[in-house]
Amino acid sequence: MKATTGQAYQLFHQGTQALAEVERAGMRIDVARLDSTVKEVGNQIEELISGMTQSGVWKLWKKRWGVKANLGSRYQLGPVLFEDMDYTSTSKTKTGRTQVNEESLEQVDNPFVKDYLRLEKLKKLQSTYLKGIRRETVNGFLHPSFNLHLVKSFRSSADSPNFQNIPIRDPEVGKLIRSCFIPREDHVLVEVDYSALEFRVAAMHWRDEAMIAYASDSTLDVHRDMAAECYCLPVDRVPKKCRFFAKNQFVFPQLYGSFYANCARSLWGMISSAELTTDDGVGLFEHLADRGIDRLGSCDGSRRPEKGTFEKHIMEVETRFRDKFPQWAKRKEQWWKKYRKCGWFDMMTGFRCQGVYSRNQLYNIPIQGPAFHLLLWSLIQVVRTLKRDKMRSRVVGQIHDSIVADVHRDELNEYLSLVKRVMTVDVREHWPWVVVPLEIEVEKSETNWFEKVAVEA
DNA sequence: CACTGGAGCCAC
DNA sequence: AAACGTGGCTCCAGTG
């Protein structure tokens, strides 16, 4: 693989230099708070363990595993629950062992297992995040590495620690870790995200008119519309959660090569695990049953879905999705055929990918890569401008479609107008194929990375 | 003791 | 035909 245009080369050359500046700046850490959180969580873990080792389940555990018994081993927990006790497992791993993950353990109604899930959550928080970040903190600053040479899609990665996967979805965990990331003295943290970046890039890559229309008109919302279809809701009454799951379990999976059986399985699973309801509080199973959909179906893939199943319904939604975006449906097949013939493909940002790729990688890579390249180009301009103008604000991190900066109070307005211009105007002049508007969302915090609030951009 | 792969979980 | 992608990190279990 090599960068085939000067522009692609320049992007990664300058990108490397800019990210080096980002690494050097680093993010300020509230070390005292981090240390006390480590202690606090450590105490919680100890308490949980001492409670659990009093339990009858632990007796069974020791009976089976003897001196080797290890509370940290899922491998050991599986047979205790599913052989020694009466619980039944739902699924197997690819090596044929019974799965002992969060999803399968949530089916087990047992106080010990509830404690186990909480214990695992706290251990992950403690070892990967709290202690991992503490270990990498030097003189109150964290300097994660940002790589441009490791990712197949020509995205970036981050390590030591991985700045790109700090928890946020679970508010309890997110708060404990993110509140240890703080602005410098007299600074505020500012995080700027591109809105719906990957969808916009997909629209431009496939040159699908309907996709471009969605990407160009902020009153349109593809995730809302597909949520309405998937869960049989009126378009103007789609609950937020339903939209969220349609986005992540239907729209993106479809764009990246999944199919109805897998989408149906995951969308169906969300109904119970997230307790989905209509906007007037009717449970979604009941809502769907009223419309003649009362079970999931086998989701076999090799068998035709049966009438009355959710699988069959999602199969029909999939057909409508392809009809909605006909040029996408057609061009992705041509795209794959052309690659099979010549063995390479080009990204819109000038990278040529040559080598062995799966079909789904061919759908994903030309979207994921260029989406990041828009962000990287913007980051380069922002870093350079801050330096040129001798400003005190610093870019301190990057998460695929967002830029995190530590901005001096007095420079806030200047910084905001800079990023807005670069990310929404200048980048479109640099790459004329950006034919849809780009929008950003801005959040800031005076205190820490958890307490951020939206700012009018 | 060093290393590897699987399984799992965090992010976009 | 076949079935969503890209990563990093931790722990366990197995190997030699």
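- Side-chain rings of A:His223 and A:Phe252 approach one another, their centers coming within less than 6.0 Å.
- For C:dA13, its base never sits under 3.5 Å from the side chain of A:Arg74 at any donor and acceptor pair.
- Taking all atoms of both residues into account, the shortest heavy-atom contact from A:Thr53 to A:Ser50 is OG1-O, 3.1 Å.
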Could you write out each protein N or O paired with an N or O of nucleotides 3-7 of chain C at a distance under 3.5 Å?
from  : atom 1 : to       : atom 2 : distance (Å)
C:dC4 : OP2    : A:Asn262 : ND2    : 2.0
C:dC4 : O4'    : A:Ser258 : N      : 3.3
C:dC4 : O3'    : A:Asn360 : ND2    : 3.2
C:dG5 : N2     : A:Gln368 : NE2    : 3.0
C:dG5 : N3     : A:Gln368 : NE2    : 3.1
C:dT6 : OP1    : A:Gln361 : NE2    : 2.5
C:dT6 : O4'    : A:Gln368 : OE1    : 2.9
C:dT6 : O4'    : A:Gln368 : NE2    : 3.2
C:dT6 : O2     : A:Arg155 : NH1    : 3.4
C:dG7 : OP1    : A:Lys152 : N      : 2.9
C:dG7 : N2     : A:Asn165 : ND2    : 3.4

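- Summarising the geometry of A:Ala215 relative to A:Arg200, their closest heavy-atom pair is O-NH1, 3.1 Å, with the distance given to 0.1 Å.
- A heavy atom closer than 4.0 Å to some atom of DNA chain B occurs in no member of residues 207-215 of chain A.
- Ring pair A:Phe112/A:Tyr116 is parallel by interplanar angle, where below 30° counts as parallel and above 60° as perpendicular.
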Identify every side-chain donor-acceptor pair in residues 15-22 of chain A under 3.5 Å, counting partners at least two apart or on other chains, and give the distances.
from    : atom 1 : to       : atom 2 : distance (Å)
A:Thr16 : OG1    : A:Phe12  : O      : 2.6
A:Glu21 : OE1    : A:Arg24  : NH2    : 3.3
A:Glu21 : OE2    : A:Lys387 : NZ     : 2.7

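- For A:Arg295, the salt bridge (charged side-chain N to carboxylate O under 4.0 Å, His left out) partners are A:Glu306, not counting sequence neighbours.
- Test A:Tyr129, A:Trp449, A:Phe450 against A:Phe181 for ring pair (Phe, Tyr, Trp, His ring centres under 6.0 Å) and you get one pass: A:Trp449.
- In this pair, A:Trp433 and A:Trp431 present their aromatic rings tilted. The plane angle is within the 30 to 60° band.
- Listed in residue order, the members of residues 93-108 of chain A having a heavy atom less than 4.0 Å from DNA chain B are A:Thr93, A:Lys94, A:Thr95, A:Gln99, A:Val100, A:Asn101, A:Glu102.
- Residue A:Lys124 places no side-chain atom within donor-acceptor reach of the base of B:dC10, judged by atom type and a 3.5 Å distance cut-off alone.
- Look at A:Ser73 and you'll find a side-chain N or O under 4.0 angstrom from OP1 or OP2 of C:dA13.
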- Tell me, with the steps shown, if A:Gln76 and A:Trp61 meet side-chain hydrogen bond (donor to acceptor under 3.5 Å, both in side chains). CA-CA 8 Å; A:Gln76 294 183 7; A:Trp61 192 318; 2.9 Å; yes
Write down the protein N/O and nucleotide N/O pairs, taken from nucleotides 14-16 of chain C, whose separation is under 3.5 Å; answer none if there are no such pairs.
none

